[in-house]
Asker: 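Take this structure first; my questions come after.
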Amino acid sequence: MDIKVSRTEKSRLNVVDYDHLGFGKIFSDHMFSLEYSGGRWHDPSITPYGEMCVQPSLSALHYGQAVFEGIKAFYSKDGSVNVFRADKHHDRFNRSCERLCIPKISWEDFWDALYALVRLDHEWVPKKRGCSLYIRPFVFASDPFLGVKVSDTYRFMLITSPVGAYYSGGPVRLLTAPEYVRAFRGGLGCAKTPANYAASLMPAEVARKKGFSQILWLDGLEGKYLEEVGTMNIFAVIDGKLITPSLEGTILDGVTRDSAIKIARDLGVVVEERRLSIDELVSASKEGLLEEVFGTGTAAVITPVEEISHKGVTIKIDGKKERRLSQMLYDEITGIQYGLKQDRFGWIRKV
Ligand code: PMP
């Protein structure tokens, strides 16, 4: 891909406080764009990050035809930049596009764009452990048109953001919301598309006002089985076994979920991908068999859950125990990401 590059005249890097990054608030110097019209992708460019011009009738703003991804790049101990599982993210990106009737992007174009942008802004990759460069690929329908139909034109973009921890407050408290549903079978649940996040905002606000970090979503049909959490997949350790909801089309096929499963199996842990009911969690907790609960996500990495509240019943997950498995998975995943452990699954691509 022949990318037209116009560099910023003045980098903003020197005003960034790398000790207080937060998440998703600061954006690197440049952004990538690629246009789609006439049945093909064209005009790749890198320009200074900043405002862009769109029409008020932009189709994506009205009808939500859009898809995004979240990928991380890490400063490796050998001084290079490690991008984690970009191919798996690209795969999910295209699956989401398919569900939203958006034309796919080839792996070559996706990687060329990501590589060029991260390389140009490589100095923005934080050097501190626990921090990384968050890469946000996204695509949106760009027809200036009112009316519900598949757009003829699109824009694919990449922006990047140096980030710290997503949940900076440590273990999280979750609330179920039996009166709300995130996704139904046959719906959009497994696509990374803005509509899913829009649907989650109001229940998440209710949870936050009650002092919880996030909603633990239950299945839309019976309100019985665990699905996922805000921006994380959910795992429980019951009697030594690692259990996570199976992929049945309503939850996101998390890249960190897949990494955790592969690492756990590799270390000899029994992993079950199956339906897991909230009643099973309550019983396991009463019998003293519920050892750990944690969420997995690119932003959240491995985040321990210390409490789940469901219809007035509180499940406490003992924070004083060592959280052996979640800690081990955290160490393994971040070890590979920062180049401190051998990349034995071939998950790292260097920039
Ligand atoms: N579920 C949802 C709804 C998410 O937004 C995310 C974050 N992308 C995840 C799960 C975790 O997915 P991943 O590990 O690929 O980041």
Side-chain angles (χ1 to χ4, degrees), residues 23-24 64 66-74 83-97 99-100 110 114 132-139 161 163 165-167 172 174 176-177 180-184 187-204 207 213-220 225-236 242 244-264 271 273 276 293-305 326 329-330 332-334 336-337 345 347:
F23 197 96
V67 156
F68 66 99
E69 265 304 323
I71 305 176
K72 271 182 176 173
F74 303 83
V83 184
F84 189 67
R85 304 200 72 180
D87 49 345
K88 183 125 178 97
H89 284 283
H90 166 258
D91 204 52
R92 185 172 68 191
F93 183 82
N94 272 347
R95 275 184 277 133
S96 301
C97 284
R99 182 64 180 83
L100 273 294
F110 189 90
L114 192 156
S132 56
L133 188 74
Y134 187 76
I135 304 165
R136 167 56 57 92
F138 60 107
V139 60
S161 169
V163 298
Y166 192 74
Y167 292 113
V172 294
L174 305 178
T176 64
Y180 298 108
V181 171
R182 176 187 173 274
F184 242 93
L188 294 173
C190 60
K192 203 158 169 63
T193 186
N196 287 328
Y197 299 85
S200 76
L201 290 176
M202 194 262 267
S213 323
Q214 276 290 348
I215 297 287
L216 170 58
W217 293 104
L218 301 178
D219 74 279
Y225 299 100
L226 272 60
E227 295 249 295
E228 62 182 336
V229 178
T231 61
M232 304 190 289
N233 292 108
I234 188 97
F235 285 77
L242 183 59
T244 193
S246 37
L247 302 173
E248 298 183 16
T250 53
I251 66 172
L252 204 70
D253 176 2
V255 174
T256 322
R257 174 189 181 279
D258 183 73
S259 309
I261 291 172
K262 290 208 163 83
I263 290 171
V271 183
E273 290 179 76
L276 172 61
V293 177
F294 58 88
T296 62
T298 297
V301 196
I302 305 277
T303 296
V305 175
S326 47
L329 290 171
Y330 179 89
E332 283 289 323
I333 291 176
T334 57
I336 293 172
Q337 290 172 331
F345 302 97
W347 286 341

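Quick note: residue numbers are just sequence positions, from 1. Worth knowing before you read on, the calculation uses all heavy atoms, side chains too, and leaves out hydrogens, waters and symmetry mates. Whatever order the structure lists ligands and atoms in, that order sets their numbers, starting from 1.
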Asker: What protein heavy atom lies closest to atom 5 (O) of ligand 1? Include the residue and the distance to one decimal.
Answerer: Tyr197 OH, 2.5 Å
Asker: Is Arg92 close enough to touch ligand 1? Criterion: a residue heavy atom under 4.0 Å from a ligand atom.
Answerer: yes
Asker: Which residue and non-hydrogen atom of the protein lie closest to atom 7 (C) of ligand 1, and at what distance in Å?
Answerer: Thr231 O, 3.3 Å
Asker: Could you check atom 3 (C) of ligand 1 against the protein and tell me its nearest heavy-atom contact, residue, atom and distance included?
Answerer: Gly230 O, 3.2 Å
Asker: Applying a heavy-atom cut-off of 4.0 Å, say which part of Val255 lies close to ligand 1: side chain, backbone, both or neither.
Answerer: both
Asker: For atom 8 (N) of ligand 1, what's the nearest protein heavy atom and its distance?
Answerer: Lys192 NZ, 2.8 Å
Asker: Could you check whether any side-chain N or O of Thr256 sits under 3.5 Å from a backbone N or O of Thr296, counting only pairs where one atom can act as donor and the other as acceptor?
Answerer: no
Asker: What are the atoms of ligand 1, with element, lying closer than 4.0 Å to any heavy atom of Gly297?
Answerer: 11 (C), 14 (O), 16 (O)
Asker: Of the backbone atoms (N, CA, C, O) and the side-chain heavy atoms from C-beta on, which set of Met232 has a member under 4.0 Å from an atom of ligand 1: side chain, backbone, both, or neither?
Answerer: backbone
Asker: Backbone, side chain, both or neither: what part of Arg182 comes under 4.0 angstrom of ligand 1, heavy atoms only?
Answerer: side chain
Asker: Do any N or O atoms from the side chain of Arg92 and from the backbone of Leu252 form a donor-acceptor pair under 3.5 angstrom?
Answerer: no
Asker: Within the 4.0 Å heavy-atom shell around Gly254, which atoms of ligand 1 are there?
Answerer: 12 (O), 13 (P), 14 (O), 15 (O)
Asker: Would a distance-only check, ignoring hydrogens and angles, find a side-chain to backbone donor-acceptor pair under 3.5 Å from Arg136 to Glu69?
Answerer: yes
Asker: Looking just at side-chain N and O atoms, do Thr193 and Arg99 make a donor-acceptor pair shorter than 3.5 Å?
Answerer: no
Asker: So which protein heavy atom does atom 14 (O) of ligand 1 come closest to, and at what separation?
Answerer: Thr256 OG1, 2.6 Å
Asker: Please list, in number order, the atoms of ligand 1 under 4.0 Å from a heavy atom of Glu228.
Answerer: 1 (N), 2 (C), 3 (C), 10 (C)
Asker: Tell me which part of Thr296 gets within contact of ligand 1: side chain, backbone, both or neither, using heavy atoms under 4.0 Å.
Answerer: backbone
Asker: In ligand 1, which numbered atoms sit nearer than 4.0 Å to a non-hydrogen atom of Thr298?
Answerer: 13 (P), 14 (O), 15 (O), 16 (O)
Asker: Using a strict 4.0 Å threshold on nitrogen-to-oxygen distance, state whether Glu332 and Lys262 make a salt bridge.
Answerer: no
Asker: Give me the one residue out of Ile234, Leu329, Val229 that meets side-chain contact (heavy atoms from CB on, under 4.5 Å) with Phe294.
Answerer: Leu329
Asker: Determine whether Thr250 and Glu248 satisfy the following criterion, side-chain hydrogen bond (donor to acceptor under 3.5 Å, both in side chains), listing intermediate values before the conclusion.
Answerer: CA-CA 6 Å; Thr250 53; Glu248 298 183 16; over 6 Å; no
Asker: Going through the distances and angles, do Arg182 and Glu228 end up as a salt bridge (Lys or Arg N to Asp or Glu O under 4.0 Å)?
Answerer: CA-CA 9 Å; Arg182 176 187 173 274; Glu228 62 182 336; 2.8 Å; yes
Asker: Keeping Thr176 on the side-chain end and Leu216 on the backbone end, is there a donor-acceptor pair under 3.5 Å?
Answerer: no
